[in-house]
Amino acid sequence: MRNVKRKTLSALTMSALLSPAGVSMAQSLPEPLKPIGNLSSPFNLIIPNYGEAPLPSSWQGFYFKPSIGYSSISFGNQLSDAKGITLGASGGYDFRYNNFVFGPTADLNYDFLSGSESSVNGMSGYRARIDFDGSVGARAGYLWGRTLIYMTGGYAFANMSVKNDAFGLSDSRTLSGWTAGGGLEYLWSEHDSLRFAYRRVQFFDESFDSLPIDGNKVKFNMNKFDIGFVHRF
């Protein structure tokens, strides 16, 4: 009987929220909490309130973006590719001129990228791992209403280690290279936006002492996807 009462109460509550009266009540909320109302109920309740035309300052100034993403790194020799989740943060400063947005940007990420055990020149037990990466560069884009389409590029770096489980050998190198990519950013409210980005990273060749002498030079390229909220100050 108690479960039946709970289900009935839940059904009545949802009906009230989805009804025209519930929508009307939402529209009477204080101005900072009022939904914009251009989506059908109940979806308009989850969209923050903002004016139809964003302020010019919404795309200007310092910003900070925590993010989560997925990255993979491929090697030019016989090492198995490494892939995994990335947690990071980026920041920068945006300038706006008419519909153009541009400015410097930088990011730093902690990576959970680890490759499976592989063989190099017939010797097994090798494994590659990336524990952090980052970049320093710039981005530039064009505004369509509340959506920014942009391109980005600059200098990239990462810390990579190679371990030979069979012999207990390991060494690490800080990789250097370049990155280029782009993304979409949607202005969620006057100071916050949602950004989705992709970047390709090409690292310069590097040699690792733990690899066989005739196969110790490795080529690297990395694909990075991430999503996160941007807050402007």
Side-chain angles (χ1 to χ4, degrees), residues 26-40 42-71 85-111 132-159 176-203 222-233:
Q27 297 292 350
S28 65
L29 291 171
E31 190 65 27
L33 302 177
K34 189 186 298 181
I36 60 173
N38 65 349
L39 295 176
S40 60
F43 303 108
N44 62 341
L45 300 179
I46 64 173
I47 305 296
N49 183 49
Y50 46 65
E52 288 302 321
L55 298 173
S57 59
S58 298
W59 290 105
Q60 295 181 157
F62 290 100
Y63 67 82
F64 174 75
K65 177 182 78 81
S67 62
I68 183 171
Y70 175 83
S71 299
I85 300 298
T86 295
L87 299 176
S90 63
Y93 191 94
D94 281 337
F95 300 91
R96 177 177 178 178
Y97 179 76
N98 294 330
N99 282 7
F100 295 95
V101 174
F102 53 92
T105 184
D107 68 277
L108 184 64
N109 311 283
Y110 186 82
D111 302 316
F132 72 82
D133 77 274
S135 68
V136 178
R139 70 172 193 150
Y142 187 84
L143 284 172
W144 274 275
R146 291 184 169 273
T147 302
L148 174 70
I149 301 177
Y150 71 90
M151 299 181 67
T152 185
Y155 167 78
F157 59 91
N159 189 72
S176 295
W178 56 266
T179 182
L184 293 172
E185 187 171 337
Y186 178 76
L187 190 63
W188 187 262
S189 64
E190 295 299 349
H191 298 285
D192 299 282
S193 56
L194 178 65
R195 183 186 298 179
F196 174 79
Y198 163 77
R199 285 194 293 115
R200 170 82 170 190
V201 186
Q202 184 67 54
F203 295 109
M222 195 174 189
N223 292 295
K224 296 178 61 65
F225 300 86
D226 72 80
I227 186 170
F229 278 101
V230 181
H231 180 71
R232 286 183 171 78
F233 301 93

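This structure is a prediction, so every number in the text was calculated from the model and none was measured.
Panel note: side chain Arg96, backbone Asn98; a donor-acceptor pair is recorded below 3.5 Å. A donor-acceptor contact shorter than 3.5 Å links the side chain of Thr179 to the backbone of Arg200.
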Check against side chain to side chain contact (heavy atoms under 4.5 Å, CB included), Trp59 and Leu148: CA-CA 9 Å; Trp59 290 105; Leu148 174 70; 3.7 Å; yes
CA sep, side-chain torsions, deciding dist, call: Ser135, Tyr155, side chain to side chain donor-acceptor pair (under 3.5 Å): CA-CA 5 Å; Ser135 68; Tyr155 167 78; over 6 Å; no
Asp94 and Tyr150: CA distance, side-chain angles, deciding distance, side chain to side chain contact (heavy atoms under 4.5 Å, CB included) verdict: CA-CA 12 Å; Asp94 281 337; Tyr150 71 90; over 6 Å; no
Audit row: Asp226, Arg199, salt bridge (Lys or Arg N to Asp or Glu O under 4.0 Å) steps and yes/no: CA-CA 9 Å; Asp226 72 80; Arg199 285 194 293 115; 5.5 Å; no
Residue pair Ile227, Ile68: steps toward the side chain to side chain contact (heavy atoms under 4.5 Å, CB included) verdict: CA-CA 6 Å; Ile227 186 170; Ile68 183 171; 4.2 Å; yes
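Under 4.0 Å is where a charged nitrogen must lie from a carboxylate oxygen, and between Lys65 and Asp192 no such pair does. A salt bridge between Asp133 and Lys224 is present, with a side-chain N of the basic residue lying under 4.0 Å from a carboxylate O of the acidic one.
Separation of the Phe225 and Tyr198 ring centroids falls under the 6.0 Å cut-off. For an aromatic pair to be called close, the ring centres must be under 6.0 Å apart, and His231 with Phe233 satisfies this.
With sequence neighbours excluded, the residues satisfying ring pair (Phe, Tyr, Trp, His ring centres under 6.0 Å) with Phe100 are Tyr142. A search for ring pair (Phe, Tyr, Trp, His ring centres under 6.0 Å) contacts involving Tyr93 returns Phe62, Phe95, not counting sequence neighbours.
Between Gln60 and Val101, every side-chain heavy-atom pair lies at or beyond the 4.5 Å cut-off. With a 4.5 Å cut-off on side-chain heavy atoms, Tyr63 and Thr105 count as touching. Using a 4.5 Å heavy-atom threshold, the side chains of Met222 and Phe203 count as touching. Between Glu185 and Val230, the closest side-chain pair of non-hydrogen atoms falls below 4.5 Å. Annotation: side chain of Arg232 is in contact with side chain of Ser193 (closest heavy-atom distance under 4.5 Å).
Residues Ser67 and Ala89 come closest through the heavy atom pair OG-N, 4.4 Å. Taking each heavy atom of Ala156 and Val201 in turn, the nearest pair found is CB-CG1, 3.6 Å.
A donor atom on one side chain and an acceptor atom on the other are found under 3.5 Å apart for Asp111 and Thr86.
Note that CG of Leu194 and OH of Tyr186 are 10.0 Å apart. Values are rounded to the nearest 0.5 Å. Within the model, atoms CZ of Phe102 and OH of Tyr97 stand 9.5 Å from one another, a figure rounded to the nearest 0.5 Å.
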